[in-house]
Engineer: 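Quick one: the structure is below, questions incoming.
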Amino acid sequence: MIGMRIAGGILAVATLAGATACAASDQPAPAQTPTAATAPMPATASQPPTETLTPLLQQALPNVQGKTLTSVIVTLPPGARAAPHRHGDAFVYAYVLDGTVRSQLEGQPVSTYRQGQNWIEQPGAHHVLTENTSSTERARLLVVFVADPGAQLKIDDPHK
């Protein structure tokens with residue numbers, strides 16, 4: 001478990017370093033917008049605000065045939081809650097940059113993560129809860145996906 005957290009932390013640092021180093025013309029192109037919306041949905045009386053995704057980096061993994069690493073910053077405004085969703089066949093690593101996030105995968109207990117903490121989601125996992133616990137401060141996550149090139153990275157549950 002500790003080894004996984006250390007490895008996850010190293011991946012987060014490497015991803016951030018790669019993302020900030022992309023100014024040179026020989027660097028990989030910035031990530032294309034993952035197929036989720038990058039603009040926040042307007043909040044209504046019955047619906048809290050939702051997250052925004054800011055693409056950072058998308059890079060084919062040279063030593064993992066047929067896989068791409070994509071990193072994004074997820075910003076959750078105060079009181080925001082993401083729709084229940086899946087990440088297809090992507091392996092997901094999430095690291096809390098700012099704030100506190102409550103998260104739950106189907107069949108698992110609710111967990112609360114604070115700045116500097118992280119978690120993983122296995123391919124096919126159903127993410128039933130993602131919310132900013134603060135009503136006054138934003139929360140931000142670095143999220144890294146390892147997926148097939150061109151895969152849809154966030155698939156919201158159908159509305160009922």
Side-chain angles (χ1 to χ4, degrees), residues 1-20 30-59 68-147 151-160:
M1 184 70 170
I2 292 173
M4 184 177 288
R5 288 188 184 261
I6 292 170
I10 291 169
L11 178 60
V13 170
T15 301
L16 282 174
T20 57
Q32 297 299 312
T33 303
T35 34
T38 58
M41 299 285 292
T44 65
S46 64
Q47 189 177 32
T50 188
E51 80 280 11
T52 59
L53 281 68
T54 304
L56 293 176
L57 175 74
Q58 189 168 53
Q59 173 68 50
T68 299
L69 180 137
T70 303
S71 61
V72 300
I73 298 292
V74 176
T75 302
L76 295 150
R81 173 180 271 191
H85 60 275
R86 297 177 190 271
H87 297 289
D89 289 327
F91 175 82
V92 179
Y93 169 78
Y95 178 88
V96 182
L97 296 168
D98 299 306
T100 303
V101 176
R102 189 175 297 124
S103 178
Q104 182 180 21
L105 299 177
E106 188 172 67
Q108 302 294 320
V110 174
S111 296
T112 301
Y113 299 96
R114 291 171 179 72
Q115 183 177 16
Q117 295 182 314
N118 59 80
W119 72 90
I120 61 168
E121 298 177 28
Q122 296 297 326
H126 188 205
H127 204 155
V128 296
L129 174 67
T130 311
E131 67 181 354
N132 180 351
T133 62
S134 175
S135 61
T136 59
E137 300 293 325
R138 74 175 184 186
R140 288 186 327 132
L141 304 168
L142 167 67
V143 180
V144 178
F145 303 90
V146 177
Q152 189 172 359
L153 299 178
K154 182 174 183 271
I155 306 156
D156 289 342
D157 288 358
H159 298 283
K160 295 180 181 180

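What's counted below: heavy atoms across the whole structure, side chains too, no hydrogens, waters or symmetry copies. Counting from 1, the numbers follow the sequence of the chain as shown.
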Engineer: Please report the closest heavy-atom contact between P78 and P49, naming both atoms and the distance.
Structural biologist: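 Heavy atoms only, the tightest pair is O-CG, 3.6 Å.
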Engineer: Name every donor-acceptor pair, under 3.5 Å, that has one atom in a side chain of residues 133-146 and the other anywhere in the protein, sequence neighbours excluded.
Structural biologist:
unit_1 : atom_1 : unit_2 : atom_2 : d
T133   : OG1    : T100   : O      : 3.4
S134   : OG     : T136   : N      : 3.0
S134   : OG     : T136   : OG1    : 3.4
S134   : OG     : E137   : N      : 2.8
R140   : NE     : D98    : OD2    : 2.6
R140   : NH2    : D98    : OD2    : 3.0

Engineer: Test of understanding: with ring pair (Phe, Tyr, Trp, His ring centres under 6.0 Å), list the residues that count as partners of H85, not counting sequence neighbours.
Structural biologist: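 By the ring pair (Phe, Tyr, Trp, His ring centres under 6.0 Å) rule, H85 matches H87, H127.
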Engineer: Just wondering, do F91 and Q122 contact through their side chains at under 4.5 Å, heavy atoms?
Structural biologist: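 Side-chain contact under 4.5 Å: yes.
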Engineer: Keeping to residues at least two apart or across chains, list the salt bridge (charged side-chain N to carboxylate O under 4.0 Å, His left out) pairs with something in residues 73-89.
Structural biologist: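 Listed by first then second residue: R81-E131.
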Engineer: To check you understand the geometry: which heavy-atom pair defines the closest contact between I120 and Y93, and what is its length?
Structural biologist: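 Residues I120 and Y93, closest heavy atoms: CG2-CD1, 4.0 Å.
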Engineer: Could you tell me the separation between the OG1 atom of T50 and the CG atom of D156, rounded to the nearest 0.5 Å?
Structural biologist: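 T50 atom OG1 to D156 atom CG measures 7.5 Å (nearest 0.5 Å).
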Engineer: Rounded to the nearest 0.5 Å, what's the gap from OG1 on T130 to CD on Q104? Could you check?
Structural biologist: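 One gets 10.0 Å once the value is rounded to the nearest 0.5 Å.
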Engineer: Taking atom CG of L69 and atom CG of L57, what is their separation to the nearest 0.5 Å?
Structural biologist: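 Spacing of CG (L69) from CG (L57) equals 6.5 Å.
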Engineer: Output the distance between atom CG (N118) and atom CG (L97), rounded to the nearest 0.5 Å.
Structural biologist: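 One finds 11.0 Å between CG of N118 and CG of L97.
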Engineer: Restricting to non-hydrogen atoms, name the atom on L76 and the atom on E51 that form the minimum distance, rounded to 0.1 Å.
Structural biologist: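 Scanning both residues completely, I find the closest heavy atoms to be CD2-CB, 3.5 Å.
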Engineer: Search all heavy atoms of D157 against all heavy atoms of H126 and return the closest pair with its distance.
Structural biologist: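 Here D157 and H126 meet closest at OD2-NE2, 2.7 Å.
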Engineer: For R114 and V96, work out which heavy atoms get closest and say how close.
Structural biologist: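 It is O-CB, 3.4 Å.
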Engineer: For W119 and Q117, does a side-chain donor sit closer than 3.5 Å to a side-chain acceptor?
Structural biologist: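 Side-chain D/A pair, W119 to Q117: absent.
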